[in-house]
Amino acid sequence: QCDKCLLHPTARREIDEYERKEKRAKKVIWRAKQQEDRLWNILKNKYPHGALMVDSPANLNSKVYSADGHRRMNSEKKKMEHYQRRYENLNRLVGDPELRHGYNPFYNFAAQKSGAANGKREVPLMQNKHRVQCDFLSSHEKIFPRAQTQINTKRRQELVNNCHHGKNYDIISGIEVPKPLI
């Protein structure tokens, strides 16, 4: 430091000692920085998901895992928001089946017409053994409507004739088949 001026030997010794300590401190700081960089490099490359009792992506202040932690946190936040929107949408749709189908397929017309509201116990249509012909559709018929086809009597008669090979009786049983089958 003070090379150009004459100093007392004790002052010179103090200056030399200060410079030695400064160099030693810089070396210790440099070594600590190198060890920290080495540790971060090892953690980043060998332990990408965190090291037990050292550091993890859950620590958002970590120099090694903070970017990954923030990325995961944002991903979880987006998933949670998507889940909430989906949950609300499904609740809205399930709560009102008319939004899904345009009508309520599970509305019980039979109970309304037969007087089940008056206290009578009504067996659901799908469980009835003898289904009565009604002027309303069951929920299955509403969801899966049957195609309305007209009966082709000419084709039906041709099939019957082919089955009996043009004979007026049944080949197997021998019973006479009436002429107007249809």
Side-chain angles (χ1 to χ4, degrees), residues 1-113 116-117 121-129 131 134 136-149:
Q1 280 183 345
C2 244
D3 293 338
K4 295 187 179 176
C5 61
L6 291 172
L7 294 174
H8 193 270
T10 56
R12 199 177 303 130
R13 252 184 263 127
E14 285 180 14
I15 291 172
D16 286 342
E17 193 172 323
Y18 174 79
E19 287 176 355
R20 230 180 292 125
K21 287 181 181 180
E22 186 182 23
K23 283 181 183 178
R24 195 177 308 139
K26 283 182 181 178
K27 192 172 184 180
V28 168
I29 290 171
W30 178 82
R31 187 176 294 142
K33 182 159 178 15
Q34 290 296 326
Q35 287 177 349
E36 187 180 25
D37 290 345
R38 182 174 177 266
L39 175 67
W40 289 347
N41 194 17
I42 288 172
L43 286 174
K44 195 177 220 177
N45 295 329
K46 290 191 176 183
Y47 304 100
H49 302 293
L52 190 63
M53 302 296 288
V54 179
D55 206 356
S56 73
N59 181 8
L60 298 178
N61 297 327
S62 169
K63 291 185 178 180
V64 180
Y65 299 112
S66 65
D68 190 35
H70 284 291
R71 192 177 327 108
R72 286 184 184 187
M73 189 176 71
N74 289 338
S75 170
E76 288 175 8
K77 184 179 174 185
K78 285 180 185 177
K79 285 179 184 177
M80 195 61 186
E81 289 171 356
H82 173 73
Y83 165 76
Q84 284 292 81
R85 284 193 312 269
R86 186 168 182 261
Y87 180 76
E88 290 168 6
N89 189 30
L90 286 175
N91 277 344
R92 184 178 57 84
L93 289 176
V94 169
D96 191 4
E98 290 184 12
L99 292 175
R100 283 181 288 165
H101 301 290
Y103 59 89
N104 188 350
F106 304 110
Y107 185 74
N108 192 357
F109 292 104
Q112 183 184 11
K113 290 186 178 184
R121 187 174 179 279
E122 186 72 27
V123 179
L125 288 176
M126 294 307 209
Q127 293 180 6
N128 282 344
K129 291 180 182 172
R131 181 154 181 224
C134 303
F136 59 89
L137 299 174
S138 70
S139 57
H140 179 81
E141 291 166 341
K142 288 179 190 175
I143 296 171
F144 306 105
R146 187 180 304 168
Q148 297 294 331
T149 57

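The first residue of the sequence shown is numbered 1, and numbering continues consecutively from there. Owing to the predicted nature of the structure, the values given are computational and were not obtained by experimental measurement.
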*Measure the spacing between CD of E17 and CD1 of I15 and express it to the nearest 0.5 Å.*
11.5 Å

*Under the side-chain contact (heavy atoms from CB on, under 4.5 Å) rule, collect the residues that match up with A58, sequence neighbours excluded.*
S56

*Pairs touching residues 56-80 that satisfy salt bridge (Lys or Arg N to Asp or Glu O under 4.0 Å), sequence neighbours left out*: D68-R71, D68-R72

*Check side chain to side chain donor-acceptor pair (under 3.5 Å) between D16 and all other residues, then give those that pass, not counting sequence neighbours.*
none

*Derivation of the side-chain contact (heavy atoms from CB on, under 4.5 Å) call for W30 and K26*: CA-CA 6 Å; W30 178 82; K26 283 182 181 178; over 6 Å; no

*asked:* Can you pull out every salt bridge (Lys or Arg N to Asp or Glu O under 4.0 Å) where at least one residue sits in residues 38-51? Sequence neighbours excluded, please.
replied: none

*Quick one: pull up CG in N41 and CD in Q34 and give me the separation to the nearest 0.5 Å.*
11.0 Å

_According to side-chain contact (heavy atoms from CB on, under 4.5 Å), who are the partners of N59, at least two apart in sequence or on a separate chain?_
D55, N61, S62

*Residue pair E36 / W40, side-chain heavy-atom distance below 4.5 Å*: yes

*asked:* Would E19 and K23 count as a salt bridge (charged side-chain N to carboxylate O under 4.0 Å, His left out) here? Give the steps.
replied: CA-CA 6 Å; E19 287 176 355; K23 283 181 183 178; over 6 Å; no

*asked:* Are N89 and R86 packed together at the side-chain level, in the sense that at least one heavy-atom pair is separated by less than 4.5 angstrom?
replied: no

_Partners passing salt bridge (charged side-chain N to carboxylate O under 4.0 Å, His left out) against K33 (at least two apart in sequence or in another chain)_ = D37

